[in-house]
Visitor: 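Structure below; questions to follow.
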Amino acid sequence: MKTKRLETDVLIIGGGTAGCFAAYTLGKEAGVSVLIAEKANIKRSGCLAAGVNALNAYITEGHVPQDYVDYAKKDAHGIVREDLLLSMSERLNHVTKVLDDLGLVILKDENGKYVARGNRNIKINGENIKPLLAEAAMSQDNVTVLERVNITDYIIEENEIKGAWGFNIEENVFYDIRAKAVLCATGGAAGLYRPNNPGFSRHKMWYSPFNTGAGFAMGILAGAEMTTFEMRFIALRCKDTIAPVGTIAQGVGARQMNSHGEIYETKYGLTTSQRLYGTVTENREGRGPCYLKTDEISAAQEQDLYRAYLNMAPSQTLKWLEGSRGPASENVEIEGTEPYIVGGHTASGYWVDNGRRTTVKGLFAAGDVAGGCPQKYVTGALAEGEIAAESMTKYLKNLNADSEKSNAIKEIETKIDNASILKKKEYEAHLTAEGKDSEDTFFITAEQLEEAMQKVMDQYAGGIATDYQYNEERLVIGKKRIGELLGMIDELKAKDMFELKDIYEVRERLIVCQTLIEHLRARKETRWHSFGENTDYPEESNQWLKYVNSKRKPDGGTEIIFRELVTGGKVYECTDFTE
């Protein structure tokens, strides 16, 4: 492989929502060089690739940021970082105005005010939201975008970030990127569990299938502290298309109904996890299938739904039209998806301070990869990108004031240079022709290993097959089998750079699976029904009003760390972080 060495002040890994907005914010800082490393095309990468039809986090008229904190805390049954939620909520309307100024079409009434959808949402025409964000980032003079580059590992020396390693997925190039500060904005983790739709339709899932947990895995390997992985997210979706149900539930007021015609949603509660739990329980007890009751909506409302889904989930509109059975004539069947680890909806991710600094010096996290702050959605990810950018600017100024070339620094650079050579050899080892049992066939492929992983997680770590239930015995078996699969990574061979990417994506998912299983084992209660059904401990307990955090041990094991809740106006200060 050819080696390319790059140097920058700030490296942003992931050109999605948070990454683009962080780069846009850093564009105001003269003299600060910014490099975005994105494994796809930045104009259509990340969760917003296909667009979205609402901004789900907004402080509507008559409400204040603390109201949003209270809502998110209630929805997460208390396990949140209130300080992070408040700092995010205070910026929601500001970043929305920035989007408006950038050209996003936000629906307004006759008085020029944004059209609300419920208490916290506003309507948009958002099919072009990602190209707008990408252009905002790329138009900054100090921002460079490196596309089709898959970052796999941080460069860490004595718990301080020095950059990252990766490779081009189309060209035979190894990237050695040195940076003074790094922002992880890679998104959450999809594809850990067996999905609803198998085979060629397995990409039809709730979360972006290209988000593999890369940032989580890199942080875990680097010894960063992680939080609340056990608060998985499982979406309630339209059956088969896996299209969002909120557009129907909030847009036309459709309620959840079982096959007996009974409205069941108030029976179980109205938090996100409870809505899912009710559907799972009704099906398990023989009253399924379950639906959103839409057969009483008007023709105008039906047309609104057609248009809304064309913006963000066209397969749902096509299903209605192809079958000539629109939502006004047939109720919409719903089901739960497989579990995901995503800090934009739950509190899973890096343990960060209020400036979105991780426990690794110089490493920051924003968006779906940052923990403690659920219900971010689009605007929350933008807010965290901005917060992280401002925090990195301060960090760089302090770093530059203290930096001096010394023999010790030169020794560190030599050590990193040697580590870079080894990382390059690791990549190249997968690209050799060894391991074939015939001219064109490998002993095992990345796809086969991924399917084996998904089967293990589905059966032993609370997937769809067990109605999201698990117990200690199942988790122990799952941990053992995931470890065995991770041990097979070195055997995988790639014909080209794209297949090399596939290998590292499976590695990332397996590493996330290991940490997830340890978190599921550690929380000995059932706090979020269906998000996690621990049959050994089926009830919620006040003894577990605490954070379950983790950190990788030098021997590869996992240290579980319990932290007290940050609540009541307290702020988690960075004095606990390595300086």
Side-chain angles (χ1 to χ4, degrees), residues 47 186-217 220 229-237 239-242 276 280 335-342 345-346 348 368 442-471 473-492 494 498-521 530-533:
C47 299
T186 55
L192 307 180
Y193 287 79
R194 182 183 284 169
N196 296 88
N197 299 310
F200 70 91
S201 295
R202 64 183 182 275
H203 63 282
K204 285 188 177 181
M205 55 176 63
W206 167 75
Y207 195 58
S208 170
F210 311 107
N211 284 9
T212 62
F216 294 147
I220 292 166
F229 271 45
E230 75 280 8
M231 191 194 293
R232 309 176 300 174
F233 185 75
I234 301 161
L236 187 62
R237 306 295 270 186
K239 191 176 185 302
D240 298 328
T241 62
I242 314 300
L276 169 71
V280 173
E335 65 181 353
T337 64
E338 75 276 20
Y340 305 87
I341 308 301
V342 50
H345 284 66
T346 57
S348 311
D368 282 352
F442 299 130
F443 285 138
I444 185 171
T445 66
E447 183 177 2
Q448 290 168 338
L449 198 61
E450 182 176 288
E451 288 181 357
M453 171 197 71
Q454 291 176 345
K455 180 179 179 182
V456 169
M457 295 299 289
D458 188 48
Q459 295 181 345
Y460 296 104
I464 295 171
T466 62
D467 287 334
Y468 313 117
Q469 296 177 339
Y470 53 85
N471 57 30
E473 181 68 16
R474 286 182 180 274
L475 293 174
V476 168
I477 296 172
K479 176 185 175 181
K480 179 175 181 292
R481 295 191 177 175
I482 291 296
E484 291 169 348
L485 294 174
L486 190 56
M488 299 172 68
I489 289 291
D490 290 344
E491 301 175 23
L492 296 179
F498 196 85
E499 287 193 2
L500 183 62
K501 172 198 67 71
D502 292 342
I503 290 173
Y504 277 86
E505 288 184 339
V506 175
R507 184 194 73 152
E508 292 154 7
R509 287 180 164 123
L510 285 165
I511 291 168
V512 174
C513 286
Q514 282 188 320
T515 298
L516 168 58
I517 287 173
E518 294 292 5
H519 276 251
L520 293 174
R521 292 180 66 192
S530 289
F531 281 13
E533 290 286 339

Visitor: Just grab all the side-chain hydrogen bond (donor to acceptor under 3.5 Å, both in side chains) pairs involving residues 455-464, residues at least two apart or on different chains.
Guide: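 Non-adjacent pairs meeting side-chain hydrogen bond (donor to acceptor under 3.5 Å, both in side chains): Tyr460-Arg481.
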Visitor: Can you name the nearest heavy-atom pair linking Ser348 to Ile341, along with the distance?
Guide: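 The pair with the smallest heavy-atom distance is CB-CG2, 3.6 Å.
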Visitor: Could you go through the side chain to side chain contact (heavy atoms under 4.5 Å, CB included) check for Val512 and Phe229 one step at a time?
Guide: CA-CA 9 Å; Val512 174; Phe229 271 45; 4.0 Å; yes
Visitor: Look only at the side chain of Thr212 and the backbone of Arg509, and say whether a donor-acceptor pair between them is shorter than 3.5 Å.
Guide: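 Pair absent, no side-chain N/O of Thr212 close to backbone of Arg509.
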Visitor: What residues form a side chain to side chain contact (heavy atoms under 4.5 Å, CB included) with Ala235, not counting sequence neighbours?
Guide: Trp206, Phe233, Arg237, Thr337
Visitor: Hey, is the main chain of Glu473 close enough, under 3.5 Å, to the side chain of Asn471 for a donor-acceptor pair?
Guide: yes
Visitor: Check the pair Tyr193 / Leu516 against side chain to side chain contact (heavy atoms under 4.5 Å, CB included), numbers first and verdict last.
Guide: CA-CA 12 Å; Tyr193 287 79; Leu516 168 58; 3.5 Å; yes
Visitor: Listed by chain and number, what are the salt bridge (Lys or Arg N to Asp or Glu O under 4.0 Å) partners of Glu230, not counting sequence neighbours?
Guide: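 With sequence neighbours excluded, Glu230 shows a salt bridge (Lys or Arg N to Asp or Glu O under 4.0 Å) to Arg523, given in chain and number order.
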Visitor: Using a 3.5 Å distance criterion without hydrogens, assess whether the side chain of Asp368 forms a donor-acceptor pair with backbone atoms of Thr186.
Guide: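 Looks like no, no N/O pair under 3.5 Å.
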Visitor: If you take all heavy atoms of Ala190 and Pro209, which pair is closest and at what distance?
Guide: CB-CA, 4.3 Å
Visitor: Determine the minimum heavy-atom distance between Ala461 and Ile517, stating which atoms define it.
Guide: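 For Ala461 versus Ile517, the nearest heavy atoms are CB-CG1, 4.3 Å.
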Visitor: Report yes if the side chains of Leu276 and Phe531 come closer than 4.5 Å at any heavy-atom pair, otherwise no.
Guide: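 Yes, their side chains come closer than 4.5 Å.
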Visitor: Give me the atom names and distance for the closest heavy-atom approach of Gly336 to Ile464.
Guide: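 Minimum heavy-atom separation between Gly336 and Ile464: O-CD1, 4.4 Å.
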Visitor: Find the distance between CG (Leu492) and CD (Gln448) and round it off to the nearest 0.5 Å.
Guide: 9.5 Å
Visitor: Using a strict 4.0 Å threshold on nitrogen-to-oxygen distance, state whether Glu338 and Arg194 make a salt bridge.
Guide: no
Visitor: Below 4.5 Å, heavy atoms only, C-beta onward: do His519 and Thr515 meet side chain to side chain?
Guide: yes
Visitor: Taking all non-hydrogen atoms of both residues into account, name the closest pair between Pro339 and Arg232 and its distance.
Guide: CG-NH1, 3.5 Å
Visitor: Once salt bridge (Lys or Arg N to Asp or Glu O under 4.0 Å) is applied, do any residues pair with Glu505, and if so which ones, sequence neighbours excluded?
Guide: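 Here the qualifying residues are Lys39, Lys501.
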Visitor: Determine the minimum heavy-atom distance between Arg474 and Thr466, stating which atoms define it.
Guide: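 That closest heavy-atom pairing would be NH1-CG2, 4.1 Å.
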Visitor: For residues Leu449 and Ile489, determine if any side-chain heavy atom of one lies less than 4.5 Å from a side-chain heavy atom of the other.
Guide: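 Heavy-atom side-chain distance check passes, below 4.5 Å.
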Visitor: Show the numbers, then the answer: is there a side chain to side chain contact (heavy atoms under 4.5 Å, CB included) between Tyr340 and His345?
Guide: CA-CA 10 Å; Tyr340 305 87; His345 284 66; over 6 Å; no
Visitor: Who pairs with Lys239 by salt bridge (Lys or Arg N to Asp or Glu O under 4.0 Å), at least two apart in sequence or on another chain?
Guide: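 By the salt bridge (Lys or Arg N to Asp or Glu O under 4.0 Å) rule, Lys239 matches no residue at all.
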Visitor: Return the set of residues passing salt bridge (Lys or Arg N to Asp or Glu O under 4.0 Å) with Lys204 (not counting sequence neighbours), or none when no residue passes.
Guide: none
Visitor: Is the shortest side-chain heavy-atom distance between Ile242 and Glu335 below 4.5 Å?
Guide: yes
Visitor: Could you walk me through whether Ile482 and Met457 pass side chain to side chain contact (heavy atoms under 4.5 Å, CB included), step by step?
Guide: CA-CA 8 Å; Ile482 291 296; Met457 295 299 289; 4.0 Å; yes
Visitor: Say whether, by atom type as modelled, one donor and one acceptor occur between the side chain of Asn196 and the main chain of Met205 under 3.5 angstrom.
Guide: no
Visitor: Output yes when a side-chain donor or acceptor of Glu491 lies under 3.5 Å from a complementary backbone atom of Met488, and no otherwise.
Guide: no
Visitor: May I ask you to decide if Val342's main-chain N or O and Tyr207's side chain share a donor-acceptor pair within less than 3.5 Å?
Guide: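 The answer is no, because no donor-acceptor pair under 3.5 Å joins these two groups.
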Visitor: To the nearest 0.5 Å, how far apart are CD in Glu450 and OG1 in Thr445?
Guide: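 Spacing of CD (Glu450) from OG1 (Thr445) equals 9.5 Å.
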Visitor: Does the side chain of Pro195 reach to within under 4.5 Å of the side chain of Gln454, using non-hydrogen atoms?
Guide: yes
